[in-house]
Amino acid sequence: MKFATWNVNSLTVRLPQVIDWLAANPVDALVLQETKMTDDKFPTMEIGAAGYQVQWFGQKTYNGVALISKTPATDVVKNITGFADDQARLIAGTVNGIRVIGGYFPNGQALDSDKFVYKMAWLDGLRAWLANELKAHEKLVIMGDFNIAPEDRDVHDPAAWEGMTHVSPQERAHFQGLLDLGLVDAYRLFEQPPKSFSWWDYRMLGFQKNKGLRIDHILVSNALKGSVTACVIDRQMRKNPQPSDHAPVIVTIA
DNA sequence: ATGTCGCGTGTGACGCGA
């Protein structure tokens, strides 16, 4: 089985790339972030025509997530149960007996921002809910744009990022807290090229200079850990004429 | 270091978020 995550930075703009990508990468499930559209605008027909099922949850202008799958997702949940949120950031469903969760974690903007307070609260809410999800679903995958670079090796220039969001001790403690629930970072189960990133700023030739961060992650539950055979970042998609600032990440489970 | 995108407003430059 293959599962993937991709922050598309507007599904309106990126839909043709998503359709092409699915044709080239026939995954069992793909979660999208930053669809940036209300539910009435969601391109269900086009995704259906590509041979996929889809569940979606969006809002105007910002955020928005979707769960695309070969077989229909069941027991679908939108946002974190028990955490009141007016932003569309999470979708979960069961696909082929595996609980699949797609999340667009808050950015946080700056450490002294109200948005950072929200990010911390969202992460607290996620951890509490995820603990219950893991009790109910031994086989679980949570993936998405975490907006956290877990370690310095996930940052192109750790010194330049000191004092910024995505790399702070608080955020990294939250990432570790998720792992402590019984999850593992699938990408780090394998030897990977140094300076492997999943996001590059559109500005300042970020991609061309490989000035990026690894902030898009796939965490798998301990019950699945032994079956993971590969995890890769599809950097090629960042070379498209009109790319998202994020590349897809794909995990293969035997 | 903030040079790029995408969106919404409201017709076109600008503010916002990333």
Side-chain angles (χ1 to χ4, degrees), chain A residues 5-21 31-43 46-47 56-66 79 85-91 102-123 126 143-150 154-168 170-172 174-175 197-217 233-249:
Chain A
T5 176
W6 193 8
N7 180 325
V8 291
N9 185 21
S10 170
L11 186 55
T12 304
V13 176
R14 233 65 66 190
L15 180 62
Q17 291 182 39
V18 171
I19 299 297
D20 289 350
W21 191 87
V31 290
L32 304 179
Q33 302 89 42
E34 287 206 83
T35 55
K36 295 188 174 179
M37 56 175 59
T38 49
D39 288 343
D40 58 304
K41 301 264 174 33
F42 196 87
E46 291 85 345
I47 292 171
W56 63 98
F57 178 44
Q59 65 183 91
K60 194 174 169 184
T61 313
Y62 306 118
N63 311 313
V65 287
N79 267 354
D85 199 348
D86 57 7
Q87 303 184 26
R89 293 190 171 274
L90 185 137
I91 192 160
Y104 175 47
F105 292 37
N107 176 292
Q109 196 170 58
L111 297 185
D112 60 358
S113 161
D114 287 347
K115 296 193 178 76
F116 192 79
V117 175
Y118 166 71
K119 184 174 192 171
M120 294 294 106
W122 193 93
L123 287 162
L126 175 68
M143 51 191 169
D145 176 358
F146 283 53
N147 273 314
I148 300 172
D154 301 312
V155 181
H156 68 91
D157 184 350
W161 276 82
E162 200 159 340
M164 313 266 275
T165 58
H166 299 69
V167 303
S168 71
Q170 302 96 298
E171 288 160 279
R172 286 176 170 177
H174 268 292
F175 188 87
F197 306 127
S198 65
W199 167 87
W200 301 262
D201 201 313
Y202 281 126
R203 298 168 291 185
M204 299 175 287
L205 300 172
F207 182 70
Q208 290 86 336
K209 295 179 177 174
N210 197 30
K211 291 186 170 183
L213 302 176
R214 192 177 69 94
I215 53 177
D216 299 271
H217 305 298
I233 299 170
D234 186 3
R235 293 180 86 258
Q236 200 61 31
M237 291 310 288
R238 193 59 171 75
K239 298 178 184 172
N240 277 331
Q242 202 175 9
S244 167
D245 44 352
H246 295 254
V249 185

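Below, read A as the first sequence line, B as the second, and so on, with proteins coming before strands; counting in each chain starts at 1.
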Between [N] ([atom2]) and [X] ([atom1]): distance, integer Å:
| X | N | atom1 | atom2 | answer |
| --- | --- | --- | --- | --- |
| Q59(A) | dA18(B) | CD | C1' | 14 Å |
| M164(A) | dG17(B) | CE | P | 17 Å |
| N147(A) | dG17(B) | CG | C1' | 11 Å |
| F207(A) | dC5(B) | CZ | C1' | 16 Å |
| Y62(A) | dG15(B) | OH | C1' | 9 Å |
| Q87(A) | dG17(B) | CD | P | 10 Å |
| D201(A) | dG17(B) | CG | C1' | 12 Å |
| K209(A) | dT4(B) | NZ | C1' | 14 Å |

Does [X] put a side-chain nitrogen or oxygen below 4.0 Å from OP1 or OP2 of [N]?
| X | N | result |
| --- | --- | --- |
| Q242(A) | dG6(B) | yes |
| S10(A) | dC7(B) | yes |
| K60(A) | dC7(B) | no |

May I ask you to decide if A149(A)'s main-chain N or O and R172(A)'s side chain share a donor-acceptor pair within less than 3.5 Å?
yes
Would you say the side-chain atoms of R14(A) pair up with the backbone N or O of Q242(A), donor to acceptor, closer than 3.5 Å?
yes
Over all heavy atoms of both residues, which pair between F197(A) and L213(A) is shortest? Give the atoms and the distance, please.
CB-O, 3.4 Å
Take atom P in dC5(B) and the same atom in dG10(B), then report the distance between them in whole Å.
26 Å
If you measure from the C1' atom in dC7(B) to the same atom in dG12(B), how many Å do you get, rounded?
14 Å
May I ask you to say what Y104(A) touches in the nucleic acid, namely base, sugar-phosphate or nothing, with a heavy-atom cut-off under 4.0 Å?
sugar-phosphate
Could you tell me whether S244(A) contacts a base, only the sugar-phosphate backbone, or nothing, with contacts defined as non-hydrogen atoms closer than 4.0 Å?
nothing
Position toward the 5' end of DNA chain B (nearest nucleotide), V13(A) or M204(A):
M204(A)
Which residue, H246(A) or Y202(A), contacts DNA chain B at a nucleotide closer to its 5' end, judged by nearest heavy atom?
Y202(A)
Is it true that H217(A) and F175(A) have ring centroids separated by less than 6.0 Å?
yes
Is the CD atom of E162(A) crowded by more than 12 outside heavy atoms at less than 6.0 Å?
no
